[in-house]
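Encoded as structure tokens, the structure appears first; notes follow it.
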Amino acid sequence: MKKIRILLPILVAVIAVFCFTQCKKNHDCTMHIECYYSDNGLDTGAICSNAHIVVGKPEYADYARADGYTNNQGVFEHIFPYPALLDVVANKADTTWDEEGNIVEVKYYTGAAQVQVNDGETTSKTILMVRTY
């Protein structure tokens, strides 16, 4: 009977610890990309909206790839389930039209970066879009 009196509170305490403690960790790895035009690759210029963003390479796992466009503020965001070091490439083609609807000029811009996303963190990166041709 004495053993039950000693073991019962210990057993209740162990069960209470398992029931009332949780290890909830935010595993979302958020990537925040901002794209800007750049004349020389060093200085930022205007916001680059509607730039095509490709995250990852074809040989990457599906959860480590993303594809989309920047919004009107030049921002692209994506949430990854696991931490990773990811390659990011941004492309944009700006077309100038005349009054008759003919193409006058097409300017191509490209930028690239590597982004390390971590558990429970938002990682921000600025990509400078340099005119390629």
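These figures come from a predicted structure and were not determined experimentally. Positions are given from 1, in the same order as the sequence printed here.
Shown here is Y60, whose OH atom has more than 12 heavy atoms of other residues, nucleotides or ligands within 6.0 Å.
Screening residues 99-132 for ring-ring contact (aromatic ring centres under 6.0 Å, His included) gives Y37-Y109, Y108-Y133 as the qualifying pairs, with residues at least two apart or on separate chains.
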Check against side chain to side chain contact (heavy atoms under 4.5 Å, CB included), T110 and M129: CA-CA 5 Å; T110 302; M129 305 285 291; 5.7 Å; no

Side chain to side chain contact (heavy atoms under 4.5 Å, CB included) between M31 and T122, worked out: CA-CA 6 Å; M31 175 188 288; T122 298; over 6 Å; no

Derivation of the side chain to side chain contact (heavy atoms under 4.5 Å, CB included) call for V88 and I53: CA-CA 7 Å; V88 180; I53 306 293; 3.9 Å; yes

Test side chain to side chain contact (heavy atoms under 4.5 Å, CB included) applied to Y36 and T126, step by step: CA-CA 8 Å; Y36 295 94; T126 299; 3.6 Å; yes

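In this structure the side chain of T123 never reaches within 4.5 angstrom of the side chain of H32, judged on heavy atoms. Within the 4.5 Å cutoff, side-chain heavy atoms of V115 are placed close to those of I33. Contact of the L86 side chain with the Q114 side chain is not registered, since no non-hydrogen atoms from C-beta on lie closer than 4.5 Å.
Judged by distance alone, with hydrogens and angles left aside, the side-chain atoms of T70 form a donor-acceptor pair with the main-chain N or O of N50 at under 3.5 Å. Formation of a donor-acceptor pair under 3.5 Å by the K92 side chain with backbone atoms of S49 is found in this model. With hydrogens and angles ignored, the 3.5 Å screen pairs no side-chain donor or acceptor of D28 with any backbone N or O of T30.
Here the CD1-CG distance, from I47 to N72, works out to 9.0 Å after rounding to the nearest 0.5 Å.
Between K125 and E77 there is no salt bridge, since none of the side-chain N atoms of the basic residue sits less than 4.0 Å from a carboxylate O of the acidic one.
C35 and A90 make their closest contact through SG-CB, 4.1 Å (heavy atoms, listed as atom of the first residue, atom of the second, distance). Scanning both residues, R65 and H78, for their nearest heavy atoms gives O-NE2, 4.3 Å. N71 and Q73 make their closest contact through OD1-N, 2.9 Å (heavy atoms, listed as atom of the first residue, atom of the second, distance).
The aromatic ring centres of F80 and Y63 sit 6.0 Å or more apart.
Cluster annotation: L128 is not connected to F76 through the hydrophobic network of ILVMFWY side chains, with a link wherever side-chain heavy atoms come within less than 4.5 Å.
Take D67 and apply the side chain to side chain donor-acceptor pair (under 3.5 Å) test, not counting sequence neighbours, and it matches H52.
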